[in-house]
Amino acid sequence: MTSFYNHLFWFSVLIVSFFFSFSVSLYISYMNFTYYLSFPLFSFWNNSISVSFYIDYMASWFTTLILLISSIIMIYSFFYMAPYSKSVYFLWMTNLFILSMLLVVNMSNLFFIMLGWDGLGLVSFFLIVYYQNQSSITSGLFTLLMNRVGDSFFLVTIMLFYYFYSDLFCFSSNLTTLSTLCLLCLTFMTKSAIYPFSPWLPLAMAAPTPISALVHSSTLVTSGLYLMMRFSYLLYSSYSLMKVLLILSMFTSFYAGMNAIVEKDLKKLIALSTLSHLGFIGLAFSSGLLNLAFFHMLTHALFKSLLFMAMGDIMISLNHSQDIRYLSSGMAYTPFSSMIMYVSLLNLLGLPNLSGYFSKDLVLEMMNYSSSSWVVILMLFLNVCFTYYYTYQLFFYSFQPNKVSSYQNFHSPMLLHSVLLSLLAITTLLFGYFFMSHICSFILFYPVPVFLKWLPLALNLSFFIFLLLNGSLFTITCPILVYYFSSMMYLSNLLLTGASNLYYTVGFSLVKSVELGLMNFSFNSHLASSVHKIAHSFMSFSMLSPMKMVLFSSLIILFITLLI
């Protein structure tokens, strides 16, 4: 078990790195600079391989948020993981994940981005299977299989990039073929869980809650979308590809919100909310709203990681129950964690003048002014209604009384833990205004009627009054429908069965045809005859006269010396 001082040491390292990164981000943003650092490694066939870093305002601000959330996770994980063994393993895996994520964000060479990409997939697998029960192992293996699909796409993409343009620098102006762009887009879709690669994200909630707050809400799942924004100059060159991405992102957001309505598991509900917002960010990006998509990705990372940490505190006090109906009277029993949760939920709802409102409302307004179909706009606002519903589910169950037994043992968090969560909550509230007024000042509100500006607040008040008057929520009780939605419309079963059968069939065929077939025949036939010939030669050599043996041995030693 690690001591608190180990966590405090890594917290100090990360928080110092955060302040340094924050200073660099402010300087880059105000001066409008971009830094490119390259360190040559070696060269072959007139091609040089170098480690290169490309640091602009996107990379610097995303790095700043990663370091901020990671530093708070270091203290939070000590409080959350104290009763469990293998704390040293957990701590080092978390640090390896942070290092891999920083490589993905700041590298500009595709080969080294691949190293960070593989590090994310491997370390997240180790963290998902941390509890080593049936659920976590199944979820970890399925996540690993999905990530292997993305890695195979990435390898083929690197090969095609190198074939068409030998420089692997990811911001070159050379446009590649449509097939390469499709493979590149598929690679990033697997990591960001865009349909049809979505089912691994809810299953990954088998990981400990600190990892869910760090990996599956703010960093890992947004890395694919971040790299899409990095390669936007390539992806935007294909109108048909952007149209397909818009449809897939819209459907991802739609069916994640629909599944979240019937979900009763707290962590899976937040994971489906994350999936819905990932589709929303992908929709904004494919519509050409690059800066707004990046802005919403940053605000979403802040309030969703805060929501995971608040839910983790509440689950600790409720015997680690993840049932949403067990949240009852949370405001009375766990007031601090409930207040932190409400800050996140208000940002998730997008109430006026909060960070979630600044980014979400701007995307909705810009979509209204775009040339998108009315079907797209209708589904977009339907997704917003789904967000209202499952968010008010959390409000409703947290105020509903009378399910917590009188002998419940509640654990108060440490003072440092509470202070850090409070600071993150304040940062979440103020980040939107700060980013728009000082960093992205070119983002302006469109002069729309006042009615549209106050529409989100009116919708929220309507939902809240409805819950207050009725005192109940619409729920689906049919077991078939509940299973249908909880399995993500059978997509989880289909992909899990299909991927397992595919890997089993291919692996069995390779073993049968290569290892037990060709290799077995080749080695058994040729190896036996070769060994027999060598043994016969040694037998003949041993029967020679001593002078001949010395002569032959000298010649062999001289021949080996000349070869060396």
Side-chain angles (χ1 to χ4, degrees), residues 13-41 48-71 98-113 115-117 161 165 167-175 188 218-219 222-237 281 284-285 288-302 355 358-359 362 427 430-444:
V13 171
L14 289 171
I15 202 68
V16 170
S17 304
F18 159 72
F19 282 115
F20 174 75
S21 179
F22 181 69
S23 305
V24 171
S25 303
L26 287 177
Y27 180 76
I28 288 175
S29 301
Y30 281 121
M31 303 301 292
N32 198 19
F33 282 171
T34 298
Y35 290 101
Y36 175 68
L37 306 175
S38 181
F39 306 98
L41 287 181
S48 61
I49 299 296
S50 58
V51 182
S52 55
F53 298 88
Y54 188 85
I55 304 172
D56 60 351
Y57 95 98
M58 278 191 177
S60 59
W61 280 109
F62 199 27
T63 301
T64 302
L65 253 69
I66 290 170
L67 292 172
L68 174 63
I69 296 170
S70 304
S71 59
I98 296 168
L99 177 62
S100 301
M101 190 66 202
L102 293 177
L103 285 177
V104 170
V105 170
N106 293 290
M107 286 287 182
S108 64
N109 188 295
L110 277 174
F111 178 75
F112 291 101
I113 290 177
L115 293 181
W117 185 273
F161 259 86
Y165 185 63
D167 188 7
L168 292 176
F169 179 61
C170 64
F171 303 110
S172 60
S173 58
N174 290 44
L175 299 179
F188 300 149
S218 54
T219 53
T222 54
S223 60
L225 288 168
Y226 171 79
L227 289 176
M228 280 187 189
M229 297 172 193
R230 280 301 208 195
F231 286 86
S232 58
Y233 75 99
L234 285 178
L235 298 177
Y236 280 158
S237 64
I281 297 169
F285 169 78
L289 310 176
L290 175 63
N291 291 299
L292 284 179
F294 178 70
F295 180 33
H296 188 62
M297 186 176 73
L298 296 183
T299 56
H300 172 264
L302 278 173
S355 297
F358 284 120
S359 56
L362 278 174
T427 305
L430 301 178
F431 179 77
Y433 174 76
F434 166 77
F435 198 83
M436 284 192 60
S437 59
H438 294 86
I439 309 303
C440 286
S441 55
F442 51 85
I443 297 178
L444 299 175

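Position 1 is the first residue of the sequence; numbering continues from there. Small disclaimer: the values here were computed from a predicted structure and weren't measured.
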Between Met228 and Leu225, is any pair of side-chain heavy atoms under 4.5 Å apart?
yes

Distance (rounded to the nearest 0.5 Å) between Thr222 OG1 and His296 NE2:
11.5 Å

Is the number of heavy atoms from other residues, nucleotides or ligands within 6.0 Å of CZ (Phe20) greater than 12?
no

When rounded to the nearest 0.5 Å, the distance separating OG of Ser71 from CD1 of Ile66 is 12.0 Å

Quick check against the 3.5 Å criterion: does Ser29 have a side-chain atom that pairs as donor or acceptor with the backbone of Leu26?
no

Would you compute the distance between atom CH2 of Trp117 and atom CE of Met107 and round it to the nearest 0.5 angstrom?
15.5 Å

Can you list every pair that meets salt bridge (charged side-chain N to carboxylate O under 4.0 Å, His left out) and has a residue in residues 49-65, with sequence neighbours left out?
Asp56-Arg230

Are the aromatic ring centres of Phe294 and Tyr57 under 6.0 angstrom apart?
yes

Using modelled atom types only, decide if a donor and an acceptor are shared between the side chain of Tyr36 and the backbone of Ser52 within a distance under 3.5 Å.
no

From CA spacing to verdict: side chain to side chain contact (heavy atoms under 4.5 Å, CB included), Phe112, Leu103
CA-CA 8 Å; Phe112 291 101; Leu103 285 177; over 6 Å; no

CD1 (Ile55) and OG (Ser108) are apart, to the nearest 0.5 Å, by 9.5 Å

In terms of heavy-atom contacts, Ala59 and Val105 come closest through O-CG1, 3.7 Å

Between Phe188 and Phe231, is the ring centroid distance below 6.0 Å?
yes

Begin with the C-alpha distance, continue with both residues' side-chain angles, and end with the deciding distance and a verdict on side chain to side chain contact (heavy atoms under 4.5 Å, CB included) for Leu14 and Ile98.
CA-CA 10 Å; Leu14 289 171; Ile98 296 168; 4.1 Å; yes

Close side-chain approach of Phe434 and Thr427, heavy atoms under 4.5 Å
no

Of all the heavy-atom pairs spanning Ser100 and Gly116, show the shortest one and how long it is.
CB-O, 3.6 Å

Between Met229 and Ile281, does a side chain to side chain contact (heavy atoms under 4.5 Å, CB included) hold up when you go through it step by step?
CA-CA 11 Å; Met229 297 172 193; Ile281 297 169; 3.9 Å; yes

Inter-residue atom distance Leu68.CG - Thr64.OG1, 0.5 Å rounding
9.0 Å

Ser223 and Val104: which non-hydrogen atoms are nearest, and at how many Å?
CB-CG1, 4.4 Å

What I'd like to find out is whether the side chain of Asn106 reaches to under 4.5 Å of the side chain of Tyr54, using heavy atoms alone.
no

Residues in side chain to side chain contact (heavy atoms under 4.5 Å, CB included) contact with Leu99, at least two apart in sequence or another chain
none

Is Leu235 close to Phe285 at the side-chain level, that is, under 4.5 Å between some pair of heavy atoms?
yes

Can Phe62 and Met101 be said to form a side chain to side chain contact (heavy atoms under 4.5 Å, CB included), step by step?
CA-CA 10 Å; Phe62 199 27; Met101 190 66 202; 3.8 Å; yes

From Met297 atom CE to Leu65 atom CG, the distance as rounded to the nearest 0.5 Å:
9.0 Å

Can you confirm whether Ile15 sits close enough to Leu67 that some side-chain heavy atom of one is under 4.5 Å from a side-chain heavy atom of the other?
no

Scan side-chain atoms only and decide if Ser21 and Trp61 contain a donor-acceptor pair under the 3.5 Å cut-off.
no

